[in-house]
2 protein chains.
Amino acid sequence: MSDRSPQSMSATARSQNPDSTAHAVIPGVLLPLRKQQRVLLTQKPADHIVLVMTGVLMVEARLPERDRQVLEILFPGDAYHTQDAPGLLGASLIAATPAELQRYRPEALEAIERSNPEFRRRLESAMAHRSARRTLHLASMSGASGEERLADFLVEIGLHLGRQVQGSRSFDMPLSREEIADYLALNPDTLSRIFSRMKSSGVISISRGRATVPDWPALMRLSPFGAAQTELYEQTRVPA
Amino acid sequence: MSDRSPQSMSATARSQNPDSTAHAVIPGVLLPLRKQQRVLLTQKPADHIVLVMTGVLMVEARLPERDRQVLEILFPGDAYHTQDAPGLLGASLIAATPAELQRYRPEALEAIERSNPEFRRRLESAMAHRSARRTLHLASMSGASGEERLADFLVEIGLHLGRQVQGSRSFDMPLSREEIADYLALNPDTLSRIFSRMKSSGVISISRGRATVPDWPALMRLSPFGAAQTELYEQTRVPA
DNA sequence: GCAGCCGCTTGATCTGGATCAACAATTGCC
DNA sequence: GGCAATTGTTGATCCAGATCAAGCGGCTGC
């Protein structure tokens, strides 16, 4: 349906920001973000929609007396609707890597959609895909152990940012340990321990922010929702 | 925006199925469900949209070797899109109380929407509202303790099914202990203990499936996401 | 009325992950 | 290159919630 897949391009392409034309460029307001730059989603009375053109983003929630949470991770091709986070959550988007967003106000969007039904269809498909991914993340958070949650996370990142060579797969890790911990509802100490165990069991190796999973099926076996994630990811690629 | 609110009706109305015309009746296929009846969401290649007319539903996921999970709870006025759960999750809708659904295939829906933009707006608003509620549930599941999660759940149910009298609020509990446990990612034993503590501290009392919260603000103080839920719920009521 | 079952409660024990506290490794900055 | 600051690792201890097991009450069906 949408053309978000890195794999559909030549093997020499960069894996980090694989696809600068994840959506045909129908211009809204272009928003280039440097690493760690933040876009507030709160207190904007007018909702809007944001398309991720390049880079990786985090949706963060911060409630007064509570730890920061990373609610979801956005990749090129994803569409985010401001209304998805209630105002009181104190949500923002944060660029995990340098990124480019395209922002649309709803009126503008409606006009575009009327004149370009193909664009509307893409947008709806992107939204549906992200919604299903959120379901999987919820399922993982509420049904899986720490190690399983980390495996699910690695599958998610690997699918979206990784390049497959034989049965192995490698990718640049866009999130810091603490950010991953906030996404997985683990504390950083515990996460570090789980990572160490996985490294010593050979499931993954990491050096200088580059992760390699030598045996992808082995990782999939640790990941309760990996198969569902893969199915979902495959659907977003051109079926033809 | 939509007219889903029980409170807008007279105080003598039943609180359980308060509003049989949550959406203006634009007929799709009407689906009456008895308690515990199940509608499979899987393996339907054609996606469709379901409107909850009356009753309370659970969205359940069941993966081969894993415990059942309740991913979300649906109330009258809610709209559910089949695509929100990936096929491999093994999802179904289950009626927690007797319920009525209206089901639409996407083609039919498109035709209706074209001729009735008001209906389309309502549907989108219902979807947006549910999406925000899902965000809050995720936040609660990954950031809150058992007691806080239960408080969040009670606020959710109380808002949707409760009737306010002074500062107190009461409602029929639509879910069993085990179902609540599956929704909150707790085990039933632990949940029962937390309930007992809350009962003995006077936050809530339950008899014959009817729950009473004598001091609603006290419950809200235990609920990290209660304020955000309330804000959200209020938005769905006619602002005028 | 009573047998049996199911949903719920409660006690005793166990454990995965949190917390606290050093310490090591990177990264950034002059 | 060298030093400070930030980020990641690891050990020791602790605790919320899971697990296991036993009882309790209310409902169903005979």
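Note on naming: letters A, B, ... go to the chains in the order of the sequence lines (proteins, then strands), and numbering restarts at 1 for each one.
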Identify, residue by residue, the members of residues 183-201 of chain B with a heavy atom below 4.0 Å from DNA chain C, and return them in order of residue number, or none. B:D189, B:S192, B:R193, B:S196, B:K199

side-chain contact (heavy atoms from CB on, under 4.5 Å) with B:D67: which residues, sequence neighbours excluded? none

Partners meeting side chain to side chain donor-acceptor pair (under 3.5 Å) with B:D189 (sequence neighbours left out): none

Check whether any side-chain heavy atom of A:P86 sits under 4.5 Å from a side-chain heavy atom of B:L136, and report yes or no. yes

Indicate whether the side chain of A:S140 and that of A:R149 have a donor and an acceptor atom separated by less than 3.5 Å. no

Axis-to-axis angle across the helix from C:dG1-D:dC30 to C:dC30-D:dG1, five pairs each end, nearest 10 degrees, ~ 50°

Taking side chain to side chain donor-acceptor pair (under 3.5 Å) as the definition, give me every residue that meets it alongside B:E178, ordered by chain and number, with sequence neighbours left out. none

Report yes if the side chains of A:D152 and A:Q229 come closer than 4.5 Å at any heavy-atom pair, otherwise no. yes

Round to a whole Å and report the spacing from CG of B:D182 to P of C:dC8. 12 Å

Sorted by chain and number, sequence neighbours left out, side chain to side chain donor-acceptor pair (under 3.5 Å) with B:T190 holds for B:N187

Any donor-acceptor N or O pair under 3.5 Å, side chains B:E60, B:Y183: no

A:E179 has an atom CD; how far is it from atom C1' of D:dT7, in whole Å? 11 Å

Using a heavy-atom distance cut-off of less than 4.0 Å, which residues of residues 144-157 of chain B contact DNA chain D? B:S145, B:G146

Of B:R133, B:H160, B:R130, the residue whose pairing with B:D78 passes side chain to side chain donor-acceptor pair (under 3.5 Å): B:R133

Across all chains, not counting sequence neighbours, the side-chain contact (heavy atoms from CB on, under 4.5 Å) partners of B:L63 are A:F225, B:R66, B:L89

Contacts of type side-chain contact (heavy atoms from CB on, under 4.5 Å), residue A:R221, not counting sequence neighbours: A:D215, A:P217, A:A218

Value in whole Å for how far the P atom of D:dT19 lies from CD of B:E178: 13 Å

Roughly how many Å is it from CZ in B:R177 to P in D:dG26, rounded to a whole number? 14 Å

Please report the distance, rounded to the nearest Å, between CG in B:L175 and C1' in C:dC8. 15 Å

Selection residues 186-219 of chain A - residue pairs positive for ring pair (Phe, Tyr, Trp, His ring centres under 6.0 Å), sequence neighbours left out: none

Could you go over nucleotides 27-29 of chain C and give all protein N or O partners under 3.5 Å, atom names and distances?
residue, atom, partner, partner atom, Å
C:dT27, OP2, A:R208, NH2, 3.0

List for me each residue that meets side chain to side chain donor-acceptor pair (under 3.5 Å) alongside B:S131, sequence neighbours excluded, and say none if there are none. A:D84, A:R134

